[in-house]
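Structure first, commentary second.
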Amino acid sequence: MYDIIEKKRDGLELNQEEIQFFIDGYTSNEIPDYQVSALLMAIFLQGMRAKERALLTMAMAESGDQIDLSAISGVKVDKHSTGGVGDTTTLILAPLVASLGVPVAKMSGRGLGHTGGTIDKLEAIPGFHVEITNDEFIDLVNTNKVAVVGQSGNLTPADKKIYGLRDVTATVSSIPLIASSIMSKKIASGADAIVLDVKTGTGAFMKELQDAEELAHAMVSIGNHVGRNTMAVISDMSQPLGRAIGNALEIQEAIDTLKNEGPEDLTELCLTLGSQMVVLGGKVETVEEARELLKESLSNGSALKYFKTMLKAQGGDNKVVDEPSLLPRAEFKIDLPAPASGFVSNMVADDIGVAASMLGAGRTTKDSVIDLAVGLVLHKKVGDKVEEHEPLLTIYSNNQDIEAVKDKLYDSIQISEEAVAKPTLIYETITE
């Protein structure tokens, strides 16, 4: 291990045997934290070449269980988002893409941070369960073309150990380490092709567009290096996506979007990502054809029907689609009035997410209990005109004492006298 640290410290390329030795030794507790910390810092400072990143990714993917989805017919396309505020895309994309006959075998996690993960959101639906066996998962996808389950088993234990160490050694923001961490989980989850939604802006991990581009290129390169057809879309997270932030509220927004009545930005992002998934799934050859088919599926009710089927198949009460009152509901609805007339000029996405978390919509630790009913619904976004005292948003709370939340929100939303352009939603598409 000393030799490996020294080699990377001096900026040289690690080979497969060296990377495998490090991953195997650390996973089995034969290599101590202090040596791995030294190697992580060397990687942070010296970087890794494309081949090294691919080798590291595969070593981490192979450090634990790997899900075999070969029994599912068709090309299995996975989608991964690097996270953000109000990111409801999986809930919409899974049934939408499946409605065109492309199998979506989606493994999702729970959320630490502003709101719950996709699994937490789905558990706002009465009866819905995500803990099913791998065989049941495969059967559901073969029968219905779609299922969403929680990550189970011993997936990428090396990544879990390394991530815990990165967190305390100031090596989290390393492109090779971020890219291999994300891609190892996607590859271990069994996907044939991967569409990445890489966020940039105040609510994203990558605040600057240039960093988001670098991460996207790194992940696409890894995926294609290891035989998974991979592409990335870079999208905006300078303000929350859609209008709802909070678990049951986001389920309602997903249903609205599947009814073709959702927010413009959320619908557009889902059509963009979905088009790429449909092309990678081999259904059509161009994203233009795919987009038209997806729009038709939204307008004719097919996507919504697949959502209902998915809910019912996993024990969920699909009456929530037509009766939103069956979802968890907060006791208090409190509007946040605009302090002045003008135009919304800035919304600090991550601070608005923090406000939702203060209401109980997210987790601060793994043991935190999420309040599925609470959150925020935005009525105005960047570029919108607003009159003084008009509601900027509505706060859904189970506690009337929310002055601190209001203060946080006022600090996060700016209003200017001059008109402001709406932010760019899709920056670029990366395929290599």
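Note that these values count all heavy atoms, side chains included, but never hydrogens, waters or copies made by symmetry.
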>> Contact between V77 and I194 at the side-chain level, heavy atoms closer than 4.5 Å - yes or no?
In response: no

> With distance as the sole criterion, is a donor-acceptor pair present between the side chains of N260 and K295 under 3.5 Å?
Replying inline: no

>> Regarding T309 and K305, do their side chains bring together a donor and an acceptor under 3.5 Å, going by distance alone?
In response: no

> By side chain to side chain contact (heavy atoms under 4.5 Å, CB included), which residues pair with F137, not counting sequence neighbours?
Replying inline: L69, A105, M107, I132, N134, V141, A147, V149

> Would you call I395 and K333 a side-chain contact if the rule is heavy atoms closer than 4.5 Å?
Replying inline: no

>> Please tell me whether T286 and E289 have a donor and an acceptor in their side chains that are separated by less than 3.5 angstrom.
In response: yes

>> Taking the side chain as everything from C-beta on, heavy atoms only, tell me whether L280 gets closer than 4.5 Å to T230.
In response: no

>> Less than 3.5 Å apart, any donor N or O on the side chain of T424 or D236 sitting next to an acceptor on the other?
In response: no

> Hey, are the side chains of S345 and V382 touching, using non-hydrogen atoms and a 4.5 Å cut-off?
Replying inline: no

> Should L39 and F22 count as side-chain neighbours, where that means a heavy-atom distance under 4.5 Å?
Replying inline: yes

> Does any non-hydrogen side-chain atom of I413 lie less than 4.5 Å from one of K380?
Replying inline: no

>> If the condition is salt bridge (charged side-chain N to carboxylate O under 4.0 Å, His left out), which residues does K79 pass it with, not counting sequence neighbours?
In response: none

> So, S70 versus D68: side-chain donor-acceptor pair below 3.5 Å or not?
Replying inline: yes

> Any salt bridge (charged side-chain N to carboxylate O under 4.0 Å, His left out) pairs touching residues 248-268, not counting sequence neighbours?
Replying inline: K121-E250, D265-K381, E268-R291

> Below 4.5 Å, heavy atoms only, C-beta onward: do D371 and V374 meet side chain to side chain?
Replying inline: yes

>> What I want to check is whether the side chains of S184 and T57 have a donor and an acceptor closer together than 3.5 Å.
In response: no

